[in-house]
Colleague: 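Sharing a structure below in structure tokens format, with a few things to ask.
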Amino acid sequence: MRLNGEIYDGEEGEEERQKLVVGYALTLKKKKSFLQPKFERLACNKGILFVAIDLSRPLSDQGPFDLILHKLSGKDWCQIIEDYRQTNPEVTVLDPPDAIRHLYNRQSMLQDVVDLNLSDFHGKVGVPRQMVITKDPLSIPDKVIKAGLKLPLVAKPLVVDGSTKSHELFLAYDQFSLSELEPPLVLQEFVNHGGVLFKIYIVGDAIKVVRRFSLPNVSKCELAKVAGVFPLPRVSSAAASADDADLDPGIAELPPQPLLERLAKELRHRLGLQLFNIDMIREHGTRDIFYVIDINYFPGYGKMPDYEQIFTDFLLSFVQSKYKKRPVA
């Protein structure tokens, strides 16, 4: 049973009770992709119970929870969570809204990568050159010229709010077509990367890397012949997996593990987040030059191989932490 939010294991052969209650606030789409039956069964067998948070009722009237897992946006929800954290400091919230907010802006999300120096970890990690356009699309061509950005350019919405529009990407082959874009947006130099992107999933200390097919290289000849702005397909789906494809080893080789471990550790610390993924590419023709092009909070973990076991182990680490904090009778 649970006494004042603590855990009581029972006595004299009594069947072991629930160890961890996880309250979750997810969109229907996220719930369906994340709380898959196999995952829920495994978690339940390990003593983890998922309980849906009722958004029509005060959060303080629900629970008790050991942990809150959420991915909802909006000022009201963020305030609810912040207030709950203040009055229930013993409950772990994954993750703090103020930390998540850092990834809602594509200008700020990559700044922590720019500040890193990972040259001693078997590779270099940077960010493609980019600039932010907040208004006046007609001025974009001149601003790009003054900034010295090289074509082609990837155009991304500045704000990442979970909407379909915030994930709409475009590739611009000539500077004059840039005036067709709709600010606010980020313009990022396109780096040839052999058509393969590495999605690096972070779940606490755990790291899982998968390959995804991405955009093919753009040659100088193609750049000279093609003009206009073209929408880009999304490459996040499992259907775009390149893990089993027959690829050039120089393109398919995963980033070095020491580099990934250091990158993940640094970003967890700097971002203050436990659950996110990093989209990374390797500059074509190199072995150790990488670029981070996006960071996403609470990504589609259901597409990550073995996510059920990885996430269950992650949640169990909170059980162990809770036992350590329990007063000795």
Side-chain angles (χ1 to χ4, degrees), residues 5 20-37 39-40 43 48-110 112 156-168 184 199 201-204 206 234 236-237 267-268 270-279 294-304 307-308 310-312 314-315 318:
L20 194 77
V21 178
V22 180
Y24 66 88
L26 306 171
T27 64
L28 290 176
K29 181 179 179 181
K30 177 62 70 174
K31 176 187 174 183
K32 183 177 180 180
S33 66
F34 178 67
L35 289 178
Q36 297 179 22
F39 176 37
E40 285 200 275
I48 300 170
L49 176 66
F50 291 102
V51 178
I53 291 174
D54 185 348
L55 299 179
S56 67
R57 296 170 52 208
L59 187 55
S60 58
D61 292 347
Q62 302 179 61
F65 303 117
D66 299 306
L67 188 150
I68 289 181
L69 195 65
H70 71 106
K71 190 180 181 182
L72 296 178
S73 57
K75 292 182 179 180
D76 291 344
W77 171 250
C78 290
Q79 191 60 53
I80 289 171
I81 285 292
E82 288 292 2
D83 291 344
Y84 188 82
R85 290 179 67 208
Q86 294 296 323
T87 55
N88 298 272
E90 76 284 358
V91 179
T92 300
V93 175
L94 294 174
D95 275 310
D98 53 345
I100 299 171
R101 199 175 296 119
H102 191 67
L103 298 186
Y104 286 169
N105 184 299
R106 284 195 166 97
Q107 181 180 19
S108 64
M109 74 161 56
L110 300 182
D112 289 300
K156 306 178 179 182
L158 177 61
V159 177
V160 184
D161 59 7
S163 66
T164 300
K165 186 175 179 61
S166 70
H167 293 288
E168 290 180 350
K199 294 194 79 71
Y201 291 94
I202 311 297
V203 183
R234 294 192 66 176
S236 60
S237 70
L267 287 181
R268 282 204 324 272
R270 291 168 182 257
L271 296 173
L273 298 172
Q274 300 261 32
L275 306 173
F276 59 97
N277 90 285
I278 305 164
D279 287 349
D294 237 338
I295 303 176
N296 306 288
Y297 179 67
F298 205 139
Y301 285 115
K303 303 169 187 174
M304 180 180 77
Y307 96 96
E308 299 94 344
I310 291 172
F311 225 99
T312 298
F314 170 66
L315 294 175
F318 291 94

Colleague: Looking at CD1 of Ile202 and CG of Asn296, how far apart are the two atoms once the value is rounded to the nearest 0.5 Å?
Modeller: 12.0 Å
Colleague: Is a side-chain N or O of His70 found less than 3.5 angstrom from the main chain of Leu26, in a donor-acceptor match?
Modeller: no
Colleague: Short question: side chain of Asn105, backbone of Ser108 - any donor-acceptor pair under 3.5 Å?
Modeller: yes
Colleague: Is it true that, when you exclude Asp61 itself, more than 12 heavy atoms of the residues, nucleotides or ligands shown sit nearer than 6.0 Å to its CG?
Modeller: yes
Colleague: Just how far is it from atom CZ of Phe34 to atom CD of Glu308, taken to the nearest 0.5 Å?
Modeller: 10.0 Å
Colleague: A side-chain contact here means heavy atoms from C-beta on lying under 4.5 Å apart; do Arg106 and Asp294 qualify?
Modeller: yes
Colleague: Considering all heavy atoms of both residues, which atom of Pro299 and which atom of Tyr201 are nearest to each other, and what is their separation?
Modeller: CG-CD2, 3.8 Å
Colleague: Taking side chain as C-beta onward, heavy atoms only, is Asn277 less than 4.5 Å from Met304?
Modeller: no
Colleague: Can you tell me how far the CZ atom of Arg85 sits from the CG atom of Asp98, to the nearest 0.5 Å?
Modeller: 6.0 Å
Colleague: Given 3.5 Å as the limit, does a donor-acceptor pair link the side chain of Asp112 with the main chain of Leu271, or not?
Modeller: no
Colleague: Are any of the side-chain heavy atoms of Gln274 and Thr92 separated by less than 4.5 Å?
Modeller: no
Colleague: Do the side chains of Arg268 and Phe276 get nearer than 4.5 Å, heavy atoms only?
Modeller: yes
Colleague: For Pro97 and Glu82, work out which heavy atoms get closest and say how close.
Modeller: CD-OE2, 3.7 Å
Colleague: Is the distance between the ring centroids of Tyr301 and Phe39 under 6.0 Å?
Modeller: no
Colleague: With rounding to the nearest 0.5 angstrom, report the CD1 to OH distance, Ile68 to Tyr24.
Modeller: 13.5 Å
Colleague: Can you give me the closest heavy-atom contact between Ala99 and Leu273, atom names plus distance?
Modeller: CB-CD2, 3.6 Å
Colleague: Heavy-atom distance under 4.5 Å between the side chains of Ile81 and Leu59, does that happen here?
Modeller: yes
Colleague: In Å, rounded to the nearest 0.5 Å, how long is the span from OG of Ser60 to CG of Asn88?
Modeller: 8.0 Å
Colleague: Looking at every heavy atom in both Ala43 and Phe50, which two are closest together, and how far apart are they?
Modeller: CB-CE1, 3.7 Å
Colleague: Start with the C-alpha gap between Phe311 and Ile48, add the side-chain angles, then the distance that decides, and say whether side chain to side chain contact (heavy atoms under 4.5 Å, CB included) holds.
Modeller: CA-CA 11 Å; Phe311 225 99; Ile48 300 170; over 6 Å; no
Colleague: To the nearest 0.5 Å, what is the distance between OH on Tyr84 and CD on Gln62?
Modeller: 8.5 Å
Colleague: Search all heavy atoms of Ile53 against all heavy atoms of Phe65 and return the closest pair with its distance.
Modeller: CG1-CZ, 4.1 Å
Colleague: Would you check if Phe298 and Leu69 make a side-chain contact, meaning some heavy-atom pair closer than 4.5 Å?
Modeller: yes
Colleague: Does the side chain of Leu275 come within less than 4.5 Å of Lys71's, by heavy atoms?
Modeller: no
Colleague: Write down the atom of Pro96, the atom of Gly272, and the distance for their closest heavy-atom approach.
Modeller: CD-O, 4.1 Å
Colleague: Would you call Tyr297 and Val160 a side-chain contact if the rule is heavy atoms closer than 4.5 Å?
Modeller: no
